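Structure, as structure tokens:
Remember, it's a predicted structure, so these values are computed and weren't measured experimentally. Chain letters run A, B, ... following the sequence lines, proteins first and then strands; every chain starts at 1.
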Amino acid sequence: MNNELAELLFPNIDKTPEETEALFPQRNLKEGAMVTRFGPSPTGFMHIGNLWGAFLDSIMAKETNGICYLRMEDTDSKREVEGAKELILNALDHFHIHYDEGFGKDGSYGPYIQSDRKEIYQVFAKELVKNGQAYPSFMTEEELQEIRQGQEIRKEITGIYGHYATDRDLSLEEVKKHLENGDSYVIRIKSPGDMNKQIILHDCIKGDILLPENIIDEVILKKDGIPTYHFAHVVDDHLMKTTHVIRGDEWIPSYPKHLQLFQMLGWKSPKYAHHATLTKKEDGKIRKLSKRKDPEFSVSYYKEAGIPAEAVRLYLATLSNTNFEEWYLQNKDKTLEDFTFSYKKMPVGGTLFDIEKLNNICRTYFSRLTADAVYEDCLVYNLEYDTSFAQLMKDNKNRLISFLNIERNAKRPRKDIATYKDLKQESFYMLDSLFFDDAKVTYREMEEKKYDITLLEEYATIFEEGDSYEQWYERVKNFADEHGYASEVKTYKASPEEYKGHVGDICEMIRFAITGRTKTPDLYQILSILGKENLKKRVKFFQKYLQEL
RNA sequence: GGUCUAUUAGUCAAGGGGUUAAGACACCACCCUCUCAAGGUGGGAACACGGGUUCAAAUCCCGUAUAGACUACCA
């Protein structure tokens, strides 16, 4: 009877499970090599949480000389969004998430898009029907809803199981009658589970977790013949020889379903690594990052904001292994490729997405680049997002690189640039066209400051290009002395009443006049880059500004 | 409601029976110092609560509280 039922439901499926299995041979990999997969669903943009998953798949496979493949999980045609597949590919490319085979690439285990694997799933669904392990269910949405409501009122487990699974007992004749009527149906498993028994999930990250056995007659094929996630996961990861399923821990509760499916099909289940989901704090509450609610976590946001892809990778690495950050700070000449990640060091609890931390990582990242690299990377960004500044960058290449070099090669590099965007506001005073446009705006912010204009004018005449730092500083100190300012801050502090101020005040005056700021990198070097003529020009500019007040 | 998970300083976190309970960021003080940044020294600051097991509990067990995930013909 089951044979007849199977033929009735799947007349077009003539491949056997054995023939299908033969299409997916064992992979020839070394002991310990992990086969992982990234399985995004093309239902919109990718957010940072999705990217994290892809990152983990990628590094764990790479680290063990295994295979990471990309499988497009598009079984939900209702939610599919036009162009989402391209967005996913672009994101993986932008963030340098490497995968060896899969959607958009070659590979011997395809197709790598689930909608093209429909017949494969049906081969195994047919087999389950044949073995009496699955059956067609003709229940309507209304019936299902009614059952659920009753279960909720009675505080029972919701779903189709036990005596709720009335279609389990449909006779062949009844099925035929439904089919003749054109009634739509799904394929459900006949769950052999016992609610009172428990199964163990040996999770690579979280350790052993005890869960109740599945008793639900889970849907494996929807009414359009497309598999549910649960069935597609089991069939695909078996055939494609996945060794480690890395996915968010929101999947832990459905693990019993997956284990049961593997057992019903007589397959060995892969290992699982359930990572914490990325959460955010909103109105004091913590919740899972959501595609619909949190567009600011879209990966395209990072690109537009000028956050380097590598910095995002570093952030994902700190999320991935709790000991990564410390290691990275201690190994200033290493990159994340040098670090060995392990499941054991992955965080077990929820992980709050922290944009401030990412910001900090960006600063550290930039501080380790050469000035040339910062210049080139910022140029690439601005060519796309701020073309007029990009032109200015080209026109002032040498000056900008000199500026970026200030305090860069020292043991204690500056950390004032966090994004490609920041270069403009951090360096604007080095670019004459921007400075003479914008400086007045900046000057105005400090109106309460009183500076001795005549001193500035005189200073501009005694400044000598080519002075070493010591010579320069000596000259400034002498200059301070001659005009009633203490040449040492300490001397001034000891008896402030004897001086107009100290050498620091002189420096501040110069700094403010030539940059419009009270905080900048090393003043000597800025002066050296600008040169004497420019200094004079800027002093005049400042004087004019003060006079116009 | 049910199932599962988590809870160590402002934040991220190490430690899984015996520790003066690491470390980082942040904060405070001092030092260095032309400003800022960076750096140095020092400091304040934590095991959610209640029981139990034990010579000994942050660590193991049981409750409670709080937070999160799941509970679809979504993934």
Per atom distances to the A:Pro212 side chain, the nearest of B:rA75, B:rA72, B:rU3 is B:rU3
Quick note, A:Thr158 side chain, CB onward, closest among B:rU5, B:rA72, B:rA75 is B:rA72
| query | Could A:Lys206 and A:Asp249 be called an ion pair, given the rule that one side-chain N must be under 4.0 Å from one carboxylate O? | reply | yes
Taking for A:Asp74 and for A:Glu218 the nucleotide of RNA chain B with the nearest heavy atom, the one nearer the 5' end belongs to A:Glu218
Classified by glycosidic angle (syn within 90° of 0, else anti), B:rG40 comes out anti
Here the distance between atom P of B:rC4 and atom CD of A:Glu213, to the nearest Å, is 14 Å
Rounding to 0.5 Å, atoms NE2 (A:His230) and CG (A:Asn214) come to a distance of 9.0 Å
Residue-phosphate contact under 4.0 Å: A:Lys222 side-chain N/O, B:rC74 OP1/OP2: yes
Of B:rA72, B:rC74, B:rC70, the nucleotide closest to the side chain of A:Arg148 is B:rA72
Between CD1 of A:Ile153 and P of B:rG1 the distance, given in whole Å, is 16 Å
Please report the C-alpha distance between A:Lys85 and A:Glu80 in whole Å, then the side-chain angles of each, then the deciding distance to 0.1 Å, and finally whether the salt bridge (Lys or Arg N to Asp or Glu O under 4.0 Å) criterion is met. CA-CA 9 Å; A:Lys85 296 189 195 78; A:Glu80 183 153 352; 2.8 Å; yes
Original post:
With a 4.0 Å cut-off on heavy atoms, is A:Lys223 in touch with a base, just the backbone sugar-phosphate, or nothing at all?
Top reply: base
Parallel, tilted or perpendicular, judged at 30° and 60°: which one describes the rings of A:Trp251 and A:His258?
tilted
Assert: residue with more 5' nearest nucleotide on RNA chain B, out of A:Ile157 and A:Gly39, is A:Ile157
From CD of A:Gln149 across to P of B:rA72 the rounded distance in Å is 13 Å
Please classify the nucleic acid contact of A:Ser254 as base, sugar-phosphate, or nothing, using heavy-atom distances under 4.0 Å.
nothing
With under 30° as parallel and over 60° as perpendicular, where do the rings of A:Trp472 and A:Tyr469 fit, or are they tilted in between?
tilted
What does A:Met139 touch in the nucleic acid at a heavy-atom separation under 4.0 angstrom: a base, only the sugar-phosphate, or nothing?
base
Notebook entry, point to check: How would you label the contact of A:Lys345 with the nucleic acid (heavy atoms, under 4.0 Å): base, sugar-phosphate, or nothing?
Noted result: sugar-phosphate
Exercise for the section: Name the nucleic acid region contacted by A:Leu210, choosing base, sugar-phosphate or nothing; use a 4.0 angstrom heavy-atom cut-off, strictly under. Expected result: sugar-phosphate
Quick note, A:Lys78 side chain, CB onward, closest among B:rC70, B:rA37, B:rC74 is B:rC74
Tested for salt bridge (charged side-chain N to carboxylate O under 4.0 Å, His left out) against A:Asp237, the lone hit among A:Lys271, A:Arg71, A:Arg247 is A:Arg71
Considering only heavy side-chain atoms of A:Val219, the closest of B:rA75, B:rC4, B:rC73 is B:rC73
| request: For the residue pair A:Glu218 and A:Tyr161, confirm or rule out a side-chain donor-acceptor distance under 3.5 Å. | output: no
**Request:** Have a look at A:Val186 and say if it touches a base, only the backbone sugar-phosphate, or nothing, with a 4.0 Å heavy-atom cut-off.
**Result:** base
Report task. Select base, sugar-phosphate, or nothing to describe what A:Lys206 touches, counting heavy atoms under 4.0 Å on all strands. Result -> nothing
Base-pair string, RNA chain B, Watson-Crick plus G-U, cut-off 3.5 Å on both distances, | for inter-strand, is (((((((..(((.....[....))).(((((.......)))))....(((((..]....))))))))))))....
Just to confirm, is there a sub-4.0 Å distance from OP1 or OP2 of B:rC74 to any side-chain nitrogen or oxygen of A:Thr228?
no
Check your understanding: NA contact type, A:Arg517, heavy-atom cut-off 4.0 Å: base, sugar-phosphate, or nothing?
Key -> nothing
Phosphate contact (B:rG16 OP1 or OP2) by A:Lys344 side-chain N/O below 4.0 Å = no
Pair A:Thr242, A:Arg37 - check side-chain hydrogen bond (donor to acceptor under 3.5 Å, both in side chains), show working.
CA-CA 7 Å; A:Thr242 308; A:Arg37 89 275 132 84; 5.2 Å; no
Protein heavy-atom contacts under 4.0 Å, written 5' to 3' over nucleotides 31-36 of chain B as B (base), S (sugar-phosphate only) or - (none), form the string -S-BBB
When rounded to whole Å, the CD1 to C1' distance for the pair A:Ile160 and B:rA72 reads 11 Å
According to the interplanar angle, ranging from 0 to 90°, do the rings of A:Trp327 and A:Phe324 count as parallel (below 30°), tilted (30 to 60°) or perpendicular (above 60°)? tilted
What I want to check is whether the side chains of A:Asp76 and A:Tyr229 have a donor and an acceptor closer together than 3.5 Å.
no
Taking B:rC73, B:rC4, B:rA69 as options, the one with an atom nearest any side-chain atom of A:Leu211 is B:rC4
Between A:Gln145 and the options A:Glu141, A:Gln149, A:Glu142, the side-chain contact (heavy atoms from CB on, under 4.5 Å) test singles out A:Gln149
(message) Using the C1' atom as the point on both nucleotides, what is the distance between B:rC28 and B:rA69, in whole Å?
(response) 40 Å
